[in-house]
Number of protein chains: 2
Amino acid sequence: MQDSHTSETTQKTIEETIVSGILSARIRPGTRLSENQLATLFGVSRTRVREAMMRLETRGIVHVSPRRGWFVVEPSAEEAIAVYEARRVIEAGLLRSMRVLTGEGREALDAHLNEEKSAMAAGDRQRLTYLMGDFHIRIAELSGNAIIVDILRDLTARTILISMLYQSEFHAAQSHEGHCRIFQAMQAGDFGRAAELSVEHLDDVEMGLDLTARPDPLSELRSSLSLPPRTVSATVRPKNHKLQRSN
Amino acid sequence: MQDSHTSETTQKTIEETIVSGILSARIRPGTRLSENQLATLFGVSRTRVREAMMRLETRGIVHVSPRRGWFVVEPSAEEAIAVYEARRVIEAGLLRSMRVLTGEGREALDAHLNEEKSAMAAGDRQRLTYLMGDFHIRIAELSGNAIIVDILRDLTARTILISMLYQSEFHAAQSHEGHCRIFQAMQAGDFGRAAELSVEHLDDVEMGLDLTARPDPLSELRSSLSLPPRTVSATVRPKNHKLQRSN
DNA sequence: TGTGGCTATCTTGCATACAAGACAGAAAGC
DNA sequence: GCTTTCTGTCTTGTATGCAAGATAGCCACA
């Protein structure tokens with residue numbers, strides 16, 4: 001989606017900066033996103049920051065606590081399950097709908113898997129997080145369907161936020177192998193098998209989560225008392241250290 | 001995701017009013033949505049209208065032509081194909097992921113199919129349009145996955161816009177039968193079959209479109225002169241589809 | 001008749017002003 | 001010491017003002 005309107009450039013940049021920050025695990029769930037700070041950071045007024053926030057909110061990336069602030073979402077356990085379920089449905093459906101793996105497609109995935117391998121060798125965890133999510137986006141790109149790509153990108157972003165909340169350790173090697181298996185099935189032209197493997201792979205990742213480790217240990221009590229949701233960590237927060245999380 | 005913040009009520013109403021207007025085919029593709037008019041209509045300032053527009057834009061319902069105005073999207077032929085492809089992928093994946101049809105699920109779908117029948121008898125075309133789209137949303141609701149429901153609702157809205165642009169006549173009876181067949185397969189517990197039928201059904205509907213009847217008869221000239229496009233593109237490759245633009 | 005250019009008036013783009021809720025921390029009362 | 005209340009300052013919510021592009025219509029002129 002190329003836009004020739006320079007006027008929208010900045011706005012898209014705010015959105016994309018945040019999303020790519022999440023995709024590469026540089027922005028943690030619960031991060032406060034102050035309109036003022038973002039405005040000065042991007043050299044625009046709050047108006048445009050708000051517009052970006054609204055968009056991100058409808059994409060499920062960010063939420064607002066009225067008169068308290070914008071925060072990167074902290075998916076609940078239930079939401080986490082829903083995200084994985086949605087990904088299984090869409091990714092399996094996508095693979096099953098594929099008929100051929102083109103030469104460029106093969107090359108793209110092959111190159112990607114090599115990147116994964118080298119990132120593993122280098123122990124570059126942030127890059128690894130990014131690549132592990134990006135694999136699925138690349139598969140979506142093979143379909144050439146921009147709608148599905150956009151959907152899966154946003155779901156992947158949420159997945160990464162979920163990982164940061166609930167994943168105790170990071171089984172990169174296991175994920176990498178899962179990706180390789182999917183790729184092999186695709187190369188063999190067996191997309192039904194690839195779909196099955198994809199479901200298994202997502203199951204594995206989901207299984208590796210500790211969904212009992214809640215982001216907010218008080219959430220049960222809090223909601224039963226119908227108190228406002230908790231304010232969470234502030235990575236960028238110059239003066240007011242009031243709202244900080246303990247980790 | 002229900003919100004308890006009354007402050008957002010109005011805003012959501014603007015969004016939902018427009019979406020439900022589309023879902024029931026009361027709002028046509030290309031309709032101009034003036035910020036000022038909507039603002040006075042809803043008794044708010046342009047600010048809030050703009051926010052609603054931004055949200056609708058990220059949902060693919062509306063687009064803005066800079067300094068000219070907001071318009072309900074008029075999907076191009078390529079976008080139309082992409083929407084149907086995405087729906088096939090997601091709906092088939094969804095059905096295939098289902099394991100049981102609960103009693104309430106059966107009742108809900110049965111009730112819905114009866115509504116379709118009575119709307120057909122009454123010849124209520126607008127209501128019929130709404131119901132034909134809503135069937136698929138109801139199936140999504142059976143999954144209990146709010147993410148998938150939201151995605152399919154927006155895709156259904158786009159589908160209806162596509163119908164209004166490209167569908168010469170409305171084969172309600174045919175669609176209704178397709179729905180019944182899907183329902184039967186689900187009742188029989190054969191969700192794989194239901195998925196296949198769903199794909200076929202969407203193929204049928206797509207086949208009934210005349211994608212050569214362009215919404216913008218000048219688009220060829222326009223693009224050959226590389227003037228700004230009338231709708232923003234989603235890059236999609238032409239498939240094995242009938243819509244070959246032969247010249 | 002047709003063509004170029006001016007202008008009035010639409011439209012959105014964006015910044016800003018002010019209202020008002022939410023909190024933290026100090027002050028006051030017990 | 002403990003609670004309560006107040007107050008300053010942070011935050012977002014919303015309206016409004018102005019800038020500037022886009023368009024249509026008019027008019028002059030060839």
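All chains are named by letter (A, B, ...) in the order of the sequence lines, taking the proteins before the strands, and each is independently numbered beginning at 1.
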Next item on the list: Identify which one of A/Ile148, A/Asp134, A/Ile137 satisfies the side chain to side chain contact (heavy atoms under 4.5 Å, CB included) criterion when paired with A/Arg153.
Entry: A/Ile137

Notebook entry, point to check: Of the options A/Val72, A/Leu33, A/Ile14, A/Val62, which is the one that meets A/Leu56 in a side chain to side chain contact (heavy atoms under 4.5 Å, CB included)?
Noted result: A/Val62

Check: Hey, does the side chain of A/Arg48 come within less than 4.0 Å of C/dC14's phosphate (OP1/OP2), counting only N and O?
Finding: yes

Note to self: Quick check on B/Tyr84: does its OH atom have over 12 non-hydrogen neighbours (other residues, nucleotides or ligands) under 6.0 Å away?
What the structure shows: yes

Checklist line | Spacing of A/Phe42 atom CZ relative to C/dA15 atom P, expressed in whole Å | finding: 14 Å

Notebook entry, point to check: How many Å lie between CG on A/Leu33 and P on D/dC10, as a whole number?
Noted result: 19 Å

Checklist line | Contact under 4.0 Å: B/Thr47 side-chain N or O vs D/dT14 OP1/OP2 | finding: no

Margin query: Rounding to an integer number of Å, can you tell me how far A/Arg46 CZ sits from C/dA17 P?
Written below: 12 Å

Note to self: Can you give me the closest heavy-atom contact between A/Ile18 and A/Met53, atom names plus distance?
What the structure shows: CD1-CE, 3.5 Å

Next item on the list: Figure out the CZ/C1' separation between A/Phe71 and C/dA22, and round it to whole Å.
Entry: 11 Å

Check: What is the distance, rounded to the nearest whole Å, between atom CH2 of A/Trp70 and atom C1' of D/dT11?
Finding: 12 Å

Notebook entry, point to check: Phosphate oxygens OP1/OP2 of C/dT11: is one of them under 4.0 Å from a side-chain N or O of B/Arg68?
Noted result: no

Next item on the list: State which of C/dT12, D/dT12, D/dT14 makes the closest approach to the side chain of A/Val64.
Entry: D/dT12

Note to self: Taking the minimum atom-to-atom distance to the side chain of A/Arg67, which one of C/dT11, C/dA20, D/dT14 wins?
What the structure shows: C/dA20

Check: How long is the line joining CG of B/Asn36 and P of D/dA15, in whole Å?
Finding: 13 Å

Note to self: What's the closest nucleotide to the side chain of A/Val44 if the choices are C/dT12, C/dC18, C/dA15?
What the structure shows: C/dA15

Check: Distance-only, no hydrogens or angles: does the B/Ser175 side chain make a donor-acceptor pair with backbone N or O of B/Ala172 under 3.5 Å?
Finding: no

Checklist line | Selected nucleotide, minimal atom distance to A/Ser45 side chain, candidates C/dA15, C/dT11, D/dT12 | finding: C/dA15

Margin query: Could you tell me how far apart B/Glu57 (CD) and C/dT12 (P) are, to the nearest whole angstrom?
Written below: 13 Å

Checklist line | Closest to the B/Arg32 side chain, choosing from C/dT11, C/dT16, D/dT11 | finding: C/dT11

